[in-house]
Novice: 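Sharing a structure with you now.
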Amino acid sequence: MFRRAVCPGSFDPIHNGHLDVIERASRLYDVVHVAVLINKSKRGMFTVDERIAMIEEITAPYGNVKVESHQGLLVDYCKEREIPAIVKGLRAVSDFDYELQMAQMNHGLSGVETLFVPTSPEYSFMSSSLVKEVATLGGDVSHLVPELVFRRLSERIADMRAEPKTSSD
Ligand code: PNS
């Protein structure tokens, strides 16, 4: 019987803080599912398929990571695949309140456990939103994301800049 866990998130895009947690989970479990949750109300910088392709390529060396998308409740994803554990990174105390609520809700809904991994201190300030904002405004994020993501991010920002401006700009 395989020991399975899921690392869920939006991953728009994956950054080194995410990767740190996924890599550590991949050493603790036989199979780690990375679930890219679809949020219909948010337009991402990358499509879900683009996010999955990047994560697959980056995590391929670990050898036990499976990347999929999911729309709906995370506990349903876990139930369908018989995954008993969710692994989440905790960056700071400020993450704890909401993460605790979600962990308790998920446990109450289905009995799935949540395990928290303290984010490595060098990644404690990171989020995908900040990475995108800094990169879009011309800041260097090459040390914050895997090289593949840095390339895709630079290409996407260049494409966005090249897009014709609308009259309201
Ligand atoms: O990377 P994010 O956006 O911070 O990840 C948040 C995510 C996707 C893990 C969380 O919003 C989630 O689990 N969404 C799935 C829908 C769900 O199960 N909602 C109830 C949570 S108790």
Side-chain angles (χ1 to χ4, degrees), residues 4-26 28-29 31-59 62 64-136 141 143-146 148-150 152-153 156-157:
R4 296 171 186 277
V6 59
C7 293
S10 304
F11 303 108
D12 185 40
I14 188 167
H15 56 63
N16 289 344
H18 292 132
L19 203 54
D20 175 49
V21 173
I22 295 166
E23 195 259 334
R24 287 157 66 191
S26 80
L28 295 169
Y29 290 90
V31 181
V32 170
H33 294 248
V34 174
V36 179
L37 271 300
I38 300 170
N39 183 345
K40 287 271 180 204
S41 62
K42 262 198 208 167
R43 189 168 176 267
M45 179 178 261
F46 294 96
T47 67
V48 169
D49 286 346
E50 287 170 333
R51 294 176 217 177
I52 289 176
M54 284 189 275
I55 302 168
E56 275 177 340
E57 192 170 331
I58 292 160
T59 59
Y62 304 155
N64 63 346
V65 174
K66 189 176 167 60
V67 192
E68 292 173 316
S69 64
H70 179 70
Q71 188 169 357
L73 286 176
L74 179 58
V75 290
D76 288 338
Y77 178 90
C78 294
K79 216 180 290 173
E80 285 156 19
R81 290 158 185 80
E82 298 185 25
I83 298 172
I86 300 166
V87 175
K88 289 272 193 96
L90 272 189
R91 290 168 296 190
V93 178
S94 51
D95 278 346
F96 186 71
D97 277 351
Y98 188 49
E99 290 296 342
L100 180 65
Q101 274 184 321
M102 285 200 285
Q104 289 170 329
M105 176 63 88
N106 285 332
H107 189 262
L109 285 171
S110 72
V112 70
E113 296 289 358
T114 299
L115 289 98
F116 294 117
V117 174
T119 300
S120 299
E122 64 266 40
Y123 306 128
S124 64
F125 61 92
M126 287 185 55
S127 69
S128 297
S129 314
L130 265 188
V131 166
K132 283 183 285 189
E133 183 177 338
V134 171
T136 305
V141 295
H143 57 301
L144 305 178
V145 292
L148 170 67
V149 174
F150 182 66
R152 297 277 190 279
L153 199 51
R156 185 55 44 93
I157 290 165

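From a predicted model like this one, the values you see are computed outputs, not experimental measurements. As the structure lists them, so they are numbered: ligands from 1, and atoms in each ligand from 1.
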Novice: Examine distances only and state if a side-chain atom of Asp12 and a backbone atom of Ser128 form a donor-acceptor pair shorter than 3.5 Å.
Specialist: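 No; zero donor-acceptor contacts below 3.5 Å.
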Novice: Is any side-chain heavy atom of Pro13 closer than 4.5 Å to a side-chain heavy atom of Met54?
Specialist: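 Pro13 vs Met54: side chains touch.
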Novice: With sequence neighbours excluded, what pairs up with Asp20 under the salt bridge (Lys or Arg N to Asp or Glu O under 4.0 Å) test?
Specialist: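 Counting only residues at least two positions away or on another chain, Asp20 forms a salt bridge (Lys or Arg N to Asp or Glu O under 4.0 Å) with Arg24.
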Novice: N or O contacts of ligand 1 with protein under 3.5 Å, please list pair by pair.
Specialist:
unit_1: ligand 1; atom_1: 1 (O); unit_2: Ser10; atom_2: N; d: 3.0
unit_1: ligand 1; atom_1: 3 (O); unit_2: Ser10; atom_2: OG; d: 2.5
unit_1: ligand 1; atom_1: 18 (O); unit_2: Leu74; atom_2: N; d: 2.9

Novice: Okay, side chain of His15, backbone of Gly17: is any donor-acceptor separation there less than 3.5 Å?
Specialist: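 Side chain of His15 to backbone of Gly17, a donor-acceptor pair under 3.5 Å: yes, one is there.
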Novice: Do Ile83 and Val112 have side chains that approach each other closer than 4.5 Å (heavy atoms only, starting at C-beta)?
Specialist: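 When only atoms from C-beta onward are counted, Val112 and Ile83 do not touch, as no gap falls below 4.5 Å.
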Novice: For the pair Arg51 (side chain) and Val36 (backbone), establish whether a donor and an acceptor sit closer than 3.5 Å, ignoring hydrogens and angles.
Specialist: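 Pair absent, no side-chain N/O of Arg51 close to backbone of Val36.
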